[in-house]
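The structure appears below as structure tokens.
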2 protein chains.
Amino acid sequence: MGRPRTFDVEDALEATLAVFWRKGFEGTSYSDLVAATGVERPALYSAFGNKDMLFLRALERYGSHYGNYVWEAVSHDRSRDVAWQVLEGAVELNTRYADRAGCFGINGGLAGSDESEASRQALIKWRADGEAVLRERFEKARREGDLPSDADPAVLAAYILAVAHGIAVQAKAGFSREKLTAIARQAVSTWPSA
Amino acid sequence: MGRPRTFDVEDALEATLAVFWRKGFEGTSYSDLVAATGVERPALYSAFGNKDMLFLRALERYGSHYGNYVWEAVSHDRSRDVAWQVLEGAVELNTRYADRAGCFGINGGLAGSDESEASRQALIKWRADGEAVLRERFEKARREGDLPSDADPAVLAAYILAVAHGIAVQAKAGFSREKLTAIARQAVSTWPSA
DNA sequence: AACATTTCATAATGGTTGTTACGTAATGAC
DNA sequence: GTCATTACGTAACAACCATTATGAAATGTT
């Protein structure tokens, strides 16, 4: 019962996600979100909570709707293919939309004022979760002999994600998909073989 | 003539640099700068101009006082040593100060509101300048036979800096110097040889 | 048709942002 | 010692920030 919503919550969240993706947490004002969603301020608050909550919801959606290529990547048979797919997927996503180049998980915010610390911690945790998935996949590869016994799965996972983060920075700076792909190729050329 | 300054301009700039390094352009308020420098607002304006100008001056100082390891790196004889020194220098600088982890050139701002676009463009140009220096060094290496003829100096330079940027992101997230060093080692583990 | 409930849009809240007038204080030149 | 010049600290500026009080409008239930 009660008066029904006149806007679609998922649509509003998607529009919100796009703004945070482009401008980051601190660079996004509630006025921006009102303009992007077409939803008035109090309606956004009642649907999502405050700016912190809205950002967390957007990050969650980003992971499930855009960052899912990581899960497909880890399902490959060879660890080298996994590494390559993560980087190629990052390049593709980071250059897919001209108006929001780069990665939400990076653009969202690295440094900022104390008021935005919560959003940055959420991003750090989000990236760490992805790293854990990748590390476990490489541990499995080493057990299976797909990686040499002296390879360090934790270092390899952190390395691949470091390259992905660097690619995200460069994508936001306007690097072409071709150049970023060449960087990804160079990155996996260091891949160890059993 | 006129009343002399009661504060040291270089000291104030260094304090300003430290705040921007930690909080980025958007995360830093003029009140933060007043507190960090101990200089009243109008004195900062008369000495440096507005926030944009102050940020540009801080970036300039960062390049000459902290980013100079790149110039030392490119003076090495072998391209592999150049690449390694750039990454090791980045790791050292990005973990040198606990209160301002990461790189000014990254923390300063990747995404943000339209009002801070000038600062982000300045950072993009600053990073591009560093990339050009590295690319020219690798072009020289290829001419000298220190890199194979089918190596692409532009890609190698962009690759090394992508890793450096990724390391900066991870340093800001709290990664240890040891872990970042291992990542850097992995990055140069299969440097092309002639 | 009356009620409880939920959302709506308008408009205001107190606080902070970057930026400056303003009048006073300190200097070198004459 | 007067003058032009520069810097000082206080205090203000309009604009924007995230957040919310308020009352009307729209629903399902009775």
Side-chain angles (χ1 to χ4, degrees), chain A residues 1-13 15-17 19-20 22-59 108-109 111-122, chain B residues 1-13 15-17 19-20 22-59 108-109 111-122:
Chain A
M1 64 175 92
R3 179 172 175 171
R5 282 220 165 81
T6 57
F7 65 96
D8 185 274
V9 173
E10 289 300 311
D11 287 350
L13 188 55
T16 292
L17 159 59
V19 179
F20 279 133
R22 192 164 94 88
K23 298 187 166 188
F25 179 81
E26 272 190 337
T28 300
S29 71
Y30 238 95
S31 298
D32 291 332
L33 300 176
V34 169
T37 59
V39 176
E40 291 300 328
R41 239 171 268 259
L44 282 178
Y45 272 92
S46 88
F48 301 104
N50 68 5
K51 195 182 170 188
D52 281 310
M53 297 299 184
L54 199 32
F55 184 82
L56 295 183
R57 291 286 300 273
L59 174 58
S113 68
D114 296 343
E115 287 77 35
S116 60
E117 180 66 20
S119 66
R120 265 169 288 135
Q121 289 301 324
Chain B
M1 61 175 93
R3 180 172 174 173
R5 284 221 162 80
T6 58
F7 67 96
D8 185 277
V9 173
E10 290 299 312
D11 288 350
L13 188 55
T16 292
L17 160 59
V19 179
F20 278 133
R22 194 164 93 87
K23 299 188 165 189
F25 178 81
E26 273 190 337
T28 301
S29 71
Y30 237 96
S31 298
D32 291 332
L33 299 176
V34 168
T37 58
V39 176
E40 291 299 330
R41 237 172 270 260
L44 282 179
Y45 273 91
S46 88
F48 302 104
N50 68 5
K51 195 183 172 189
D52 281 312
M53 298 297 184
L54 199 33
F55 184 82
L56 294 183
R57 290 286 299 274
L59 174 58
S113 68
D114 296 344
E115 288 76 35
S116 61
E117 180 67 20
S119 66
R120 265 170 287 137
Q121 289 302 324

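Note on naming: letters A, B, ... go to the chains in the order of the sequence lines (proteins, then strands), and numbering restarts at 1 for each one.
For the pair A:D32 CG and D:dC16 P, the interatomic distance rounds to 12 Å; values are reported in whole Å. One atom, CZ of A:F7, and another, C1' of C:dT6, lie 12 Å apart when rounded to the nearest Å. Rounded to an integer number of Å, the gap from CD of B:E26 to P of C:dG18 is 10 Å. Rounded to an integer number of Å, the gap from A:L33 CG to D:dT19 P is 11 Å. Atom P of nucleotide C:dG18 and atom CZ of B:F55 are separated by 13 Å, given to the nearest angstrom. Rounded to whole Å, the distance from CD on A:E115 to P on D:dA18 is 11 Å. The NZ-P distance, from A:K51 to D:dT20, rounds to 14 Å in whole Å. Atom P of nucleotide C:dC8 and atom CG of A:L44 are separated by 9 Å, given to the nearest angstrom.
When heavy atoms are screened at a 4.0 angstrom cut-off, B:S116 is found touching no nucleic acid atom at all. Counting any heavy atom pair closer than 4.0 Å across all strands shown, B:S29 reaches sugar-phosphate atoms only and no base atom. Nucleic acid contact class of B:P42 (heavy atoms, under 4.0 Å, all strands): base. Contacts of A:T28 with the nucleic acid, taken as non-hydrogen atoms under 4.0 Å apart, involve only primed sugar atoms and P, OP1 or OP2.
Of the two residues near DNA chain D, B:T6 and B:G2, the one whose nearest nucleotide lies more 5' is B:G2. Mapped onto DNA chain D by nearest heavy atom, B:G38 and A:Y30 fall at different nucleotides, with B:G38 at the one closer to the 5' end. Along DNA chain C, the nucleotide nearest to A:P4 and the one nearest to B:P4 differ in position, and the one closer to the 5' end is contacted by A:P4.
Note on A:S31: a side-chain N or O is less than 4.0 Å away from OP1 or OP2 of D:dC17. Within the structure, every side-chain polar atom (N or O) of A:R3 is placed at least 4.0 Å from both OP1 and OP2 of C:dC8. Phosphate proximity of D:dA18 to A:N50: absent, as no side-chain N or O sits under 4.0 Å from OP1 or OP2. Regarding contacts with the backbone of C:dT19, a side-chain N or O of B:Y45 is found under 4.0 angstrom from either OP1 or OP2.
In terms of modelled atom types and a separation under 3.5 Å, the side chain of A:D11 and the main chain of A:D8 share no donor-acceptor contact. Under a 3.5 Å cut-off, the side chain of A:K23 and the backbone N or O of A:D32 do not form any donor-acceptor pair. When atom types are taken as modelled, the side chain of A:E26 and the backbone of B:G112 share no donor-acceptor pair closer than 3.5 angstrom.
Heavy atoms only, all atoms of each residue included: B:T37 and B:A12 are closest at CG2-O, 3.4 Å.
Using a 30° and 60° split on the angle between ring planes, B:F20 and B:F55 fall in the perpendicular class, above 60°.
Listed candidates were C:dT7, C:dT19, D:dT19. Nearest to the side chain of A:R5 is C:dT7.
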